[in-house]
Amino acid sequence: MTVRLVVLVSGSGSNLQALLDATADPSYGASVVAVGSDRPDIEGLTRAAKHDVPTFVAAVRDFAARDDWDAFLTASCERFAPDLIVSAGFMKLVGPRFLASFEGRYVNTHNALLPAFPGMHGPRDALTYGVKLAGATLHFVDSGVDTGAIIAQVAVPVLDDDTEDTLLERIKVAERRQLVDTVGRMAREGWTVNERKVRLGRG
Ligand code: GAR
């Protein structure tokens, strides 16, 4: 069985690209059936189109109320019958309707070692704090900000002369590899969650 992925993006989509490349191999166990965004004209949507993957846009400003946006985003994903939804640089918090449909099947890749540095500026916050290890976390999404159960983490060193850009790029190399490895394992092997402890495999 091939696991159906919907990937949500807001920007350049290099994590999406890593998934598109990996899913070209049938033995990977998953395929990207749609890509959604909260804004038009982003590179992530272009990357999807180049792979003939259907796309949709759900822009918050097009809706009178945030709940209406949430319902539209949910319906847009449901249309593609996803087994797993991946937030790969999707810079919007989903609402209760989305979580009612997809909690437990909605994962986010974040560019910090959670629970440190949640939110929009993980690498900048890590650099400012002066940590010596930074990294990326793949986690389930719950109703908090980057608070869901952790599926995988990878660390990279922070170097003395790092800027936000150099640190972010080092993190993203490791982040993309982790995303591809872990989503592939989730697709092929399944997972269990006990309290907050996630284990890959049938258990
Ligand atoms: C990734 O590093 C991801 O962790 C981050 O956005 C980047 C997207 O890069 N997400 C967040 O900060 C969410 N809190 P990409 O568009 O090149 O995949």
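All values reported here derive from a predicted model rather than from experimental measurement. The analysis underlying the following values was restricted to heavy atoms, covering all of them including side chains, and did not include hydrogens, waters or symmetry mates. In each ligand, atom 1 is the first atom listed, and ligand 1 is the first ligand listed.
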P123 to L168 - nearest heavy-atom pair and separation
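What the structure gives for the nearest pair is CG-CD1, 3.7 Å.
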Amino acids contacting ligand 1, non-hydrogen cut-off under 4.0 Å:
S12, G13, S14, N15, G89, M91, T109, H110, N111, G119, K172, E175
Testing the 3.5 Å rule here: is there a donor-acceptor pair between the side chains of R124 and T128?
no
Of all residues at least two apart in sequence or in a different chain, which pass the side-chain hydrogen bond (donor to acceptor under 3.5 Å, both in side chains) check with D21?
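In terms of side-chain hydrogen bond (donor to acceptor under 3.5 Å, both in side chains), with neighbours along the sequence ignored, D21 is linked to Q17.
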Taking the six-membered ring for Trp, are Y106 and F98 parallel (under 30°), tilted (30 to 60°) or perpendicular (over 60°)?
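Taking F98 first and then Y106, their aromatic rings stand perpendicular (interplane angle over 60°).
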Hey, can you tell me if F72 and F63 have their rings parallel, tilted or perpendicular (30° and 60° cut-offs)?
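Aromatic pair F72/F63 classed tilted.
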Atom CG of residue position D25 - does it have more than 12 heavy atoms of other residues, nucleotides or ligands inside 6.0 Å?
yes
